[in-house]
Amino acid sequence: MPISWNEIKHRAMDFSRDWENENRERSEAQSFWNAFFNIFGITRRRVASFEEPVKKVDDNYGFIDLFWKGMLLVEHKSRGENLNKAYSQALNYFSGLKEHELPKYVLVSDFARFRLYNLDDNTQNEFNLAQLHNNVSLFGFIAGYTKKKYKEESPVNIKAAEQMGRLHDELLESGYTGHELEVLLMRMLFCMFADDTAIFDKNIFTDYIRDKTNEDGSDLGTHLTSIFQTLNTEIADRQKNIDESLNDFPYVNGGLFEENLRTVYFNSRMRGVLLECCDFEWSNISPAIFGSMFQSVMNTKQRREIGAHYTTEKNILKLIEPLFLDDLRTEFEHIKNLKSGKDKRLTEFHKKLANLKFFDPACGCGNFLVVTYRELRRLEIEILKQIHRRQHVMGELLSLINVEQFHGIEIEEFPARIAETAMWLVDHQMNVELSVAIDLQRPSLPLIKSAHILNDNALQVDWEEFTPKEEINYILGNPPFIGSKFQDTKQRDEIKQIFDSVKGCGVLDYVSAWYLKAAQYIQGTQKKVAFVSTNSITMGEQVGILWNELFNKYNIKIHFAHRTFSWSSEAKGKAAVHVVIIGFAAFDAEEKTIFEYEDIKGEPHQVLAKNINPYLVDSDDVIVGSRSNPISNVPQIRFGNQPIDGGHLLLDEHEKSEFLKRNSSAEKFLRKYVGSRELINNIQRWCLWLKNVNPRELREYPDIVKRLEMVREFRLSSPRKVTNELATCPSLFAYISHTEKKYIIIPSVSSERRQYIPIGFMPPNVIASNLCLIITDATLYHFGVLTSQMHMAWVKYTCGRLKSDYRYSNNIVYNNYPWPKNPTSKQMSAVESTAQAVLNTRKKYPDSSLADLYDPLTMPPDLVKTHNALDSAVDKCYRPIAFKTETERLEYLFTLYSQYTQPLILNKKTKKKKQSKRI
């Protein structure tokens, strides 16, 4: 541990008195700086060298007065000389330094004055010798006191992974593999981290590797074994004749260095890579991403995509703040402002924090546990500062919070062990922060207490046996995102086993299993849960399956929610995922909060809610289930026509042209064929539409007969019996919904980037494919409502998703959509006229596809204007007051949905009763 700030300040005052003599000579500079480093309990020679030679910009060599590679460059002048000139001289050395050697600080001095430049923050501070004791905090980096603002997307994290990746690749290529490679790398990374964060004396690991091992690397593996054995041996149990440099290493404990590994053999190149890693400033790496970063090192593909494989600290705070941290901070602020009884309440509140227990049932490398522990310790520090100010008795202050309050389950062994290590690292960082804040020392070594991390499958473990629910206050985390189509057989079986007899559970995302397990775990308690999840569990058919079970069987209530936002990183190959955060419990809460995102890549704004339903809307707990008929009096919707033909009934433009060259009189059998892609992108495709065609006439066209034979063979080759049966009629589509009437066509899949789904009318001679939905007997009024923002708001929250694109559904989206209740003829006419205006505006751009017209970057202003007019007309069909936000629209629609469906539910119950009487 670093020495206390009180001690540092006293040493600084002594230093100032010793060196206040005005007659100091330039030759005394080395003694001056040796004494300066002693202020901070650091032996200068361990970290920095005098007169370091370096090539300057002009190719001449110069000598840096004092140089600590990667940290500090000092240029010293005689008393009274120009410090600006000294700074310019210091900068001239930069061109001759390697990237990892570039300093974070430049210090210029003339015995009497100090000027410190912080190159990371682009700040400078100047003071005289007598003021040194009041400015020693500026030099906290020397003692190991460093305040870091961790940016999870920072390039430094990517750089760190690349450095360790090179070391991993070198060791792997040499034949050192598997479990032992993972443990070796974790140990070396711990040592490098300890070197730079004052867990160890500064740079003792790096200096040992550099000074004690051969340059060819031949003995490096043996020395590493000695270091690891020493770190695992208590000081009193070490041999008396142990090498002095080895004995400088502390006793670590905690099992980190307990396992015996086979000796690893290095060469000169591998040694060089290790030393480059040692020279990296590891104190810049947050323990919150330490584990995930290190795990990515083990996989070259993941390393290229680092950032897609860990939860950012920012997103973790989005979960833990509304789950518990905001309430704790509010309680603390209240206690601070008490007029009386403050001391007792502070003590009680401190003990309350020390008794809180946290459980992450999918902890991975421990990200959520690490950040939660850090924030809890920081709150404790604020408590201790208050107690210290009021009591002025250092001996009565104790830090009570420890890593044993944290529990996790992780299916993979290595991340589980990393989580334990990351918790030790953040514990040390918090001990340093505590020391800085109130000069209270809490030793980080030896490691005595550990987080409880179980290496097992959380879906197969009895959570109660691992940690009884009475002992846990909060369950939190980021369970795995795996859609139903991407689950392996084992994962699908786990879903079925956990959801038991729940109908349709096979479509659920893997994360759903954690929701159900958590709901079961917290029954009969006041425990709270919050998970980050893919937004798919709040949309489409999954809602009816998952939340119906959670609400009706386990009485779950949602307390807070972050609506859909984009989860991404700035890393190479970055992957954006659309997620939600849902906080829930098995009891209701008076105050509920929704975090809304106007821009899913931006910051949310907070809205109080009376209730939060599964669609994360302030409305009743309604669940929009699959329905075969519309709840409103509107035309039926159907899928388009499905060929199941192996492509033999379909033709593109070129195939059509070639076909007609040989069969010019067969054009009457061709119809334009439109699916989602063709509709949106104006792609021309055709189909052979042979319904009601005379068989004799067909036989006159050998090309058609050949195609029909291929259709027959394709259907017979199918493993599905129903498809085999279709082979008896190869001239017809497998499913036919076409009625030779004009119809509305809706693409089944459309990009989420578009403000509106590009819906259109089709003439009777165009065949819609099964990748579209069609509504016959539809009017301009129906088209107008379906092409409005009101309908789009419903679509966004009830449709399923294909990747992030909207997947329009007949049974869930359309049939459940609450159309305007009793609109007047005037209101309907306004919708029809503005809907026609939209169609007319589209016609002004004959060379543009719907994709062009509805791209948010290229949508024509006049089309935007007509759509706005249509939106206004549709809104007035619902209510006279305009809707200001999408949230208002959704709340109104869900209320209307409840009104429409309540009579249907009651009617179903009545029918069931009547049926039972007849029986």
Side-chain angles (χ1 to χ4, degrees), residues 150-155 157-158 288-289 292 296 302 304-323 362 364 367-368 371 476-483 486 509-511 530-540 542-543 560-583 593-607 612 614-617 749-757 789 792-793 795-807 854-857 885-887 890:
Y150 296 115
K151 295 182 180 180
E152 52 280 341
E153 295 89 1
S154 169
N157 296 326
I158 300 169
I289 65 97
S292 299
S296 76
Q302 285 188 12
R304 286 194 298 272
E305 299 173 359
I306 183 173
H309 298 275
Y310 63 82
T311 312
T312 65
E313 293 188 39
K314 182 178 180 181
N315 287 336
I316 293 171
L317 289 171
K318 285 181 181 180
L319 184 149
I320 67 173
E321 285 178 343
L323 178 62
N367 310 35
F368 276 84
V371 175
L476 70 169
N478 171 26
F481 303 163
I482 308 174
F486 301 100
D509 191 288
Y510 197 44
V511 71
F531 290 140
V532 180
S533 318
T534 47
N535 62 357
S536 60
I537 67 166
T538 64
M539 298 175 176
Q542 291 198 50
V543 174
F560 74 88
H562 280 262
R563 285 185 178 153
T564 298
F565 64 95
S566 182
W567 186 321
S568 63
S569 80
E570 300 301 320
K572 301 180 223 176
K574 63 181 180 180
V577 182
H578 290 175
V579 302
V580 294
I581 297 173
I582 301 176
T593 306
I594 296 174
F595 297 87
E596 296 181 344
Y597 292 79
E598 293 178 11
D599 176 1
I600 62 171
K601 295 182 180 179
E603 296 300 318
H605 60 271
Q606 188 171 328
V607 179
I612 304 175
Y615 302 93
L616 310 187
V617 173
V749 177
S750 179
S751 170
E752 63 156 6
R753 293 181 64 244
R754 302 186 183 108
Q755 194 172 2
Y756 305 91
I757 293 177
Q789 278 298 305
M792 282 305 302
V795 169
K796 289 177 186 177
Y797 281 82
T798 60
C799 78
R801 299 283 176 133
L802 184 61
K803 296 182 179 177
S804 61
D805 294 339
Y806 301 129
R807 188 172 61 187
Y854 285 91
D855 187 304
L857 301 177
T885 64
E886 183 175 85
T887 300
L890 287 166

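- Remark: Thr887 pairs with Arg563, Glu596 by the side chain to side chain donor-acceptor pair (under 3.5 Å) rule, at least two apart or across chains.
- When all heavy atoms of Leu317 and Pro322 are compared, the closest pair comes out as O-CD, 4.0 Å.
- Shortest non-hydrogen contact noted between Phe368 and Leu319 is CE2-CD1, 3.8 Å.
- Distance check: Tyr797 OH to Asn535 CG gives 9.5 Å after rounding to the nearest 0.5 Å.
- With sequence neighbours excluded, the residues forming a side chain to side chain donor-acceptor pair (under 3.5 Å) with Ser533 are Tyr515, listed by chain and number.
- Contact check for Glu598 versus Thr885: no side-chain heavy atoms found under the 4.5 Å cut-off.
- Ring to ring, Phe565 and Tyr597 are close: their centroids are under 6.0 angstrom apart.
- Residues passing the salt bridge (charged side-chain N to carboxylate O under 4.0 Å, His left out) test with Lys796, sequence neighbours excluded: Glu886.
- The salt bridge (charged side-chain N to carboxylate O under 4.0 Å, His left out) search around Arg754 returns none, not counting sequence neighbours.
- Legend: residues meeting side chain to side chain donor-acceptor pair (under 3.5 Å) with Glu321, ordered by chain and number and at least two apart, are Arg329.
- Between the CG atom in Leu476 and the CD1 atom in Ile316 there is a gap of 9.0 Å [rounded to 0.5 Å].
- Note on ring orientation: taking the six-membered ring where Trp is involved, the planes of His562 and Phe595 are parallel (angle under 30°, cut-offs 30° and 60°).
- Residue Ser536 holds its OG atom at 9.5 Å from CZ of Arg807, rounded to the nearest 0.5 Å.
- The side-chain contact (heavy atoms from CB on, under 4.5 Å) with Thr538 is formed by just one residue from the set Val580, Thr798, Val617; it is Val580.
- Within the 4.5 Å cutoff, the side chain of Val532 has no heavy atoms near those of the Asn315 side chain.
- Judged as a side chain to side chain donor-acceptor pair (under 3.5 Å), and not counting sequence neighbours, Glu752 has no contacts.
- Remark: the backbone N or O of Gln755 is paired with a side-chain donor or acceptor of Gln789 at under 3.5 angstrom.
- In plain terms, the two heavy atoms of Pro479 and Val511 that are nearest each other are CB-CG2, 3.5 Å.
- Contact of the Tyr854 side chain with the Ile757 side chain is not registered, since no non-hydrogen atoms from C-beta on lie closer than 4.5 Å.
- Atom CD1 of Ile537 and atom OH of Tyr615 lie 12.5 Å apart (nearest 0.5 Å).
- Rounding to the nearest 0.5 Å places NZ of Lys318 at 13.5 Å from CD of Glu313.
- With rounding to the nearest 0.5 Å, the separation of CG in Leu616 from CG in Leu890 is 10.5 Å.
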